[in-house]
Amino acid sequence: MPPYRAPRGTRDLLPETRAGLSRLEEIARSLSIRYGYRLMEIPLFEQTAVFERGIGEATDVVEKELFRIAPRTEDSESWALRPEATAGIVRAFVQHGMHTRPQPVKLTVVGPMFRYDRPQAGRYRQFYQWDAEAIGDPGPAVDAEVIEMGRRFYVEAGVPDVQVLVNSIGDSACRPAYLVKLKAYFAAHATELPEPEQRRLELNPLRLLDSKDPAMAALVAAAPKISDCLCEACAAHLSSVLAHLDAVGVPHRVEPTLVRGLDYYARTAFEFYRQGAEGQQQALGGGGRYDGLVELLGGRPTPAIGFALGLDRVLLALEEVAAEAVVEAPPLAIVAGADPADTVSRLRVASLLRAEGLSVRAELSARKLGRQLETASKEHAHFAVIIGDELAEGNVQLKDLEAGTQRLVPLADLARELARAAKSHHHG
RNA sequence: GUGGCCUUAGCUCAACGGCAGAGCAUCGGAAUGUGGAUCCGAAGGUUAUGGGUUCGAAACCCAUAGGCCACCCCA
């Protein structure tokens, strides 16, 4: 009914929700520091080619979900809003010659991503991710470290029952042979495949493995397993990742059908998964190793691994377990006045307190005192500073709204008194 | 991109072919210098939008938009 609404698939984060997101961002920032990742920013959009090359032209993300920006002129380059952060981070890594920094370079980005998808609960066209990338270390230990950091995020955020699923999808040495085998297997059963699956057989046979079609279950179960086809190096890498996970006490499950939709993954693939009550957006986050991406985007061959965690879905999961909503700190005090017309005194006193670093809400509307105090209660202010005739002698009333007591305080002492009261308030 | 369900005040919902309502929230009054309770009042609507059927449509039909659900895919 309002003439303008937030575009489809986007939503306004009202203060209550924004506070929850801030809390998650704070946890992400804290973990980044503890694990040695450095926060950075990349543009919300890139040349389309960064995503086409970096993610893969045949992927759904690029093929149908890319948020393309209409070019301003015929010959201007084509841009798209970022559907994920990895490609942009790697582009920046190459552009700024970060291979000259001590390896691995550990980078992290928190912010909105965009996919032109059909919206659903927990799936938006603008959504928020915490993305972390460790670029320049080929070893399995860093894989486990990344996974452990992701897992700890859910623990500290308070999301229960998050499972860690791990798999290896091989590398250039062994995956091609496996794909041939897999393709041959499904081709032999082509007549049993539902229509949409037939198309994927050609385009992306790996994805047949995690089909949710019940008709596929038996077929998938009997399909050749990548774990049986890994080359020696990949197999050793996987078992070492698992050993490191055990060493840091991260419970995990090897999921042979776990594959990733994006082209650049190799070897380690993992997912953070939660069996939700209703809405089926169960993938809370995922990631993997992408040893070929840096080279693909113009850098020298550099191994890398990272993850992307969906913050909207964490927020949803927290709602589901009825975690208490995050409340923003209410103002310490409200500045009210006996004379509704005297906004000058109220603004002056409020300004004075704010200069001392105190958080106060000034009641500046010309409402009578009772209404001003009513607002103070609704805003959960701890104190009210009441300005009246006593100001002539340099005094104001300081009222403790929870105790219901009040006393006369010289204006000169007000900031100090309030700060002291706030302190004892927080400790009591 | 495919299919299904839904849409009435800021929010949660009534009215089910016959005068569009309630609770909560908002604003004001009771109470002109003292708050969360109570009472009274006001404001808030082209019933998502556009068409159709009907003496009469919030209700029935069609289209569009948005939300949700299942796919596709993913965070």
Side-chain angles (χ1 to χ4, degrees), chain A residues 1-11 14 16 55 58-65 82-86 111-131 150 194-197 199-200 203-204 207 210-214 258-262 271-274 278-287 307-317 334 336-342 363 365-391 396-406:
Chain A
M1 190 160 330
Y4 302 108
R5 288 192 295 196
R8 180 169 201 199
T10 71
R11 66 218 199 284
L14 303 187
E16 303 76 42
I55 298 172
T59 58
D60 276 33
V61 167
V62 166
E63 213 170 53
K64 61 176 205 187
E65 295 172 6
R82 61 187 191 191
E84 46 103 65
T86 306
M113 307 294 159
F114 305 85
R115 288 184 200 177
Y116 195 82
D117 207 356
R118 187 144 165 185
Q120 223 173 93
R123 198 176 70 185
Y124 308 102
R125 288 182 172 182
Q126 175 175 339
F127 58 102
Y128 295 83
Q129 281 189 342
W130 173 33
D131 185 286
E195 206 290 309
E197 310 292 355
R199 255 184 322 108
R200 297 162 90 187
L203 291 172
N204 202 345
R207 297 224 57 90
D210 63 354
S211 167
K212 290 183 199 96
D213 193 326
L258 171 65
V259 297
R260 307 249 92 217
L262 314 184
E271 207 161 87
F272 299 105
Y273 185 89
R274 182 181 138 75
E278 281 298 322
Q280 298 302 304
Q281 298 325 322
Q282 295 162 337
L284 293 183
F307 65 53
L309 307 191
L311 302 184
D312 311 80
R313 290 183 180 178
V314 171
L315 251 23
L316 265 185
I334 177 174
D339 175 6
D342 182 12
E363 276 302 311
S365 67
R367 307 200 303 166
K368 62 183 185 181
L369 183 58
R371 294 290 184 199
Q372 297 178 44
L373 291 172
E374 194 179 328
T375 300
S377 296
K378 286 176 181 164
E379 296 286 325
H380 301 107
H382 296 141
F383 301 95
V385 174
I386 300 167
I387 300 167
D389 295 335
E390 54 274 58
L391 189 62
V396 297
Q397 294 286 351
L398 176 57
K399 175 165 187 160
D400 183 323
L401 287 167
E402 273 152 45
T405 56
Q406 76 179 50

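Numbered from 1 within each chain, the chains take letters A, B, ... in sequence-line order.
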What is the distance from [atom1] of [X] to [atom2] of [N], rounded to the nearest Å?
{"X": "A:K64", "N": "B:C74", "atom1": "NZ", "atom2": "C1'", "answer": "10 Å"}
{"X": "A:F307", "N": "B:C74", "atom1": "CZ", "atom2": "C1'", "answer": "17 Å"}
{"X": "A:Q120", "N": "B:G66", "atom1": "CD", "atom2": "C1'", "answer": "15 Å"}
{"X": "A:D117", "N": "B:C73", "atom1": "CG", "atom2": "P", "answer": "11 Å"}
{"X": "A:R125", "N": "B:G67", "atom1": "CZ", "atom2": "P", "answer": "8 Å"}
{"X": "A:E65", "N": "B:C73", "atom1": "CD", "atom2": "C1'", "answer": "6 Å"}
{"X": "A:Y124", "N": "B:C69", "atom1": "OH", "atom2": "C1'", "answer": "14 Å"}
{"X": "A:F272", "N": "B:C74", "atom1": "CZ", "atom2": "P", "answer": "17 Å"}

Residues that [X] engages under salt bridge (charged side-chain N to carboxylate O under 4.0 Å, His left out), provided they are two or more places apart:
{"X": "A:R371", "answer": "A:E374"}
{"X": "A:D312", "answer": "A:R11"}
{"X": "A:K368", "answer": "none"}

Is the shortest side-chain heavy-atom distance between [X] and [Y] below 4.5 Å?
{"X": "A:S365", "Y": "A:Q372", "answer": "no"}
{"X": "A:V396", "Y": "A:L391", "answer": "yes"}
{"X": "A:R123", "Y": "A:R313", "answer": "yes"}

If the [atom1] atom of [N] is compared with that of [M], how far apart are they to the nearest Å?
{"N": "B:C13", "M": "B:U8", "atom1": "C1'", "result": "9 Å"}
{"N": "B:C16", "M": "B:G33", "atom1": "P", "result": "50 Å"}
{"N": "B:C6", "M": "B:C74", "atom1": "P", "result": "31 Å"}
{"N": "B:C62", "M": "B:G23", "atom1": "P", "result": "36 Å"}
{"N": "B:G28", "M": "B:U32", "atom1": "C1'", "result": "15 Å"}
{"N": "B:G10", "M": "B:G18", "atom1": "P", "result": "25 Å"}
{"N": "B:C27", "M": "B:G1", "atom1": "P", "result": "43 Å"}
{"N": "B:G56", "M": "B:A20", "atom1": "P", "result": "15 Å"}

For [X], report the nucleic acid contact type (base, sugar-phosphate, nothing); a contact means any heavy atom under 4.0 Å.
{"X": "A:R367", "answer": "sugar-phosphate"}
{"X": "A:Y128", "answer": "nothing"}
{"X": "A:G9", "answer": "sugar-phosphate"}

In the 5'-to-3' direction, what one-character label does each nucleotide of nucleotides 29-36 of chain B receive under the scheme B = base within less than 4.0 Å of a protein heavy atom, S = sugar-phosphate only, - = no such atom? BSS-BBBB

Residues two or more places apart in sequence or in another chain: which of them pass side chain to side chain contact (heavy atoms under 4.5 Å, CB included) with [X]?
{"X": "A:A338", "answer": "none"}
{"X": "A:E402", "answer": "A:H382, A:D400, A:H425"}
{"X": "A:A341", "answer": "A:D339"}
{"X": "A:S377", "answer": "none"}

Using OP1 and OP2 only, check whether a side-chain N or O of A:R8 sits under 4.0 Å from B:G66. yes

Can you tell me which nucleotide in B:C73, B:C27, B:A70 comes closest to the side chain of A:R123? B:C73

Partner residues of A:Y128 under the side-chain hydrogen bond (donor to acceptor under 3.5 Å, both in side chains) criterion, sequence neighbours left out: A:Q126

A:E363: partners by side-chain hydrogen bond (donor to acceptor under 3.5 Å, both in side chains), with sequence neighbours left out: A:R361

Within the side chain of A:R125, is there an N or O that forms a donor-acceptor pair under 3.5 Å with the backbone of A:T10? no

5′-ward residue of the pair A:P119/A:D312 relative to RNA chain B: A:P119

Please tabulate the protein-to-nucleotide N/O contacts below 3.5 Å involving nucleotides 2-6 of chain B, giving atom names and distances.
residue, atom, partner, partner atom, Å
B:U2, O4, A:R118, NH1, 3.0
B:G3, O6, A:R118, NH2, 3.0

Reading 5' to 3' and counting Watson-Crick or G-U wobble pairs with both distances under 3.5 Å, write the dot-bracket notation for RNA chain B, | for bases paired outside the strand. (((((((..((((....[..)))).(((((.......))))).....(((((..]....))))))))))))....

